[in-house]
Amino acid sequence: MNTPNPLRNIRQDIQSMHAYAIQDSAGMVKLDAMENPFALPPELQKALGERLGTVAINRYPGARIEDLKRALARYVDLPDGCALMLGNGSDELISLLAMGCDVSGASILAPQPGFVMYAMSAQLQGLTFHGVPLTADFELDEAAMLAALREHRPTITYLAYPNNPTANLWDAAVIRRLIAEAAAFGGLVVMDEAYQPFSSRSWLEEIRAEPTANAHVLLMRTLSKFGLAGVRLGYMVGLQALVHEIDKLRPPYNVSALNAESALFALEHADVFDQQAATIRAERERLIAALADMPGVRPFPSQANMVLVRVPDAQKAFDGLKARSVLVKNVSKMHPLLGNCLRLTVGTPDENTQMIAALQSSL
Ligand SMILES: *Cc1c(COP(=O)(O)O)cnc(C)c1O
């Protein structure tokens, strides 16, 4: 008797997908994933260990989740009329949004190249994704974006501020006009501020100044690039009525008691993380200057903890860096606009010095 293949129960489109690839980084200088390169200072490691030791891990996460929401609301100075919800990383929030916004005819739109999870969340939910190319220097193509908004009337438009992998902040005046266009047909706009600690601007100021024009805007952030990538904590801010609906999609205990306690601890020591972010911003400028001095190498402007750089031969440079134990991300095949581009995460001063030397030898 033939037993039916159990894989027949798995969606065909899932079976055709590639799993999210994580590069092996053992023994490498790891500059591929926009992680904060600084470990907690030893005295804080000890204090955190003691704190986590007291967490009631036999209980489901409880009141500390509300404490964390209050601490984050204070941290962002939550605008009037807004609420805040938590995700297991902002990746989870992106998935929940796709699920919750799966109304009839729904679609998701984002500029490209952009963060892969926007398109992925659409695909997994069975929604159409509309990618609109950026210009050759990675600015928003306003005419193309406006035309796409009018044509597709997407349920959700994602704007990463700053963008990944290009690292730049787009023109606020252009974004304002895109947000107004989405308002005209009743679409949502998500401002994804994963890189906020390294950016000179935040859309939160805009929301505070122009609440009515931004009533359909959700602002998403994460503690990952701040320094807690291992903890998994994202959050989203928007009008109470909107956030309360999206919050219903959340699995009841999506943020663990250990995650919440770690995040609370980090916010109590926000000054330590602010110092680290300041060092990273200064190192970013040093890295950009060193890259600009290399023949045939073009770094693009960055407001994040990464630098997108075009080199004469991305594969050769990537392989050369890897042979010298420096792991970066080769994004050159991700999108036609990214030809021969590498994405370098800003590391510690020593790591950056090592990366610069390794790149010089690899060109
Ligand atoms: C890293 C990143 C995220 C996801 O962050 P997590 O909170 O770790 O899931 C979201 N958006 C952008 C643009 C990112 O680069």
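In this text, all values refer to a predicted model and were calculated from it rather than measured experimentally. First listed ligand is number 1; within each ligand, the first listed atom is number 1.
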How close does the nearest protein non-hydrogen atom get to [atom], and which residue and atom is it?
{"atom": "atom 15 (O) of ligand 1", "result": "Tyr195 OH, 2.6 Å"}
{"atom": "atom 5 (O) of ligand 1", "result": "Ser90 OG, 3.2 Å"}
{"atom": "atom 10 (C) of ligand 1", "result": "Phe115 CE2, 3.3 Å"}
{"atom": "atom 13 (C) of ligand 1", "result": "Asp192 OD2, 3.4 Å"}

Next item on the list: Could you tell me whether Tyr118 and ligand 1 have an N or O pair separated by under 3.5 Å?
Entry: no
Check: Looking only at side chains, do Thr348 and Asp350 share a donor and an acceptor under 3.5 Å apart?
Finding: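 No - no donor-acceptor pair under 3.5 Å links their side chains.
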Notebook entry, point to check: Do Arg286 and Thr353 have side-chain N/O donor and acceptor atoms under 3.5 Å apart?
Noted result: yes
Check: Are there more than 12 heavy atoms of other residues, nucleotides or ligands under 6.0 Å from atom CD of Gln275?
Finding: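 12 or below, so no.
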Notebook entry, point to check: What residues, two or more places apart in sequence or in another chain, satisfy side chain to side chain contact (heavy atoms under 4.5 Å, CB included) together with Ala136?
Noted result: none
Checklist line | side chain to side chain donor-acceptor pair (under 3.5 Å) involving Arg324 - partner list, sequence neighbours excluded | finding: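 Side chain to side chain donor-acceptor pair (under 3.5 Å) list for Arg324, sorted by chain: Ser362.
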Check: Does Lys225 come within less than 4.0 Å of ligand 1, judged by its heavy atoms?
Finding: yes
Note to self: Under 4.0 Å, counting heavy atoms only: does Arg232 come that close to any atom of ligand 1?
What the structure shows: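 The answer is yes: ligand 1 sits under 4.0 Å from a heavy atom of Arg232.
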Check: Are the aromatic ring centres of Phe265 and His269 under 6.0 angstrom apart?
Finding: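 Ring centres of His269 and Phe265 closer than 6.0 Å.
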Check: Which one holds for Asp91 and ligand 1: side chain close, backbone close, both close, or neither close, with close meaning a heavy atom under 4.0 Å?
Finding: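 Both backbone and side chain.
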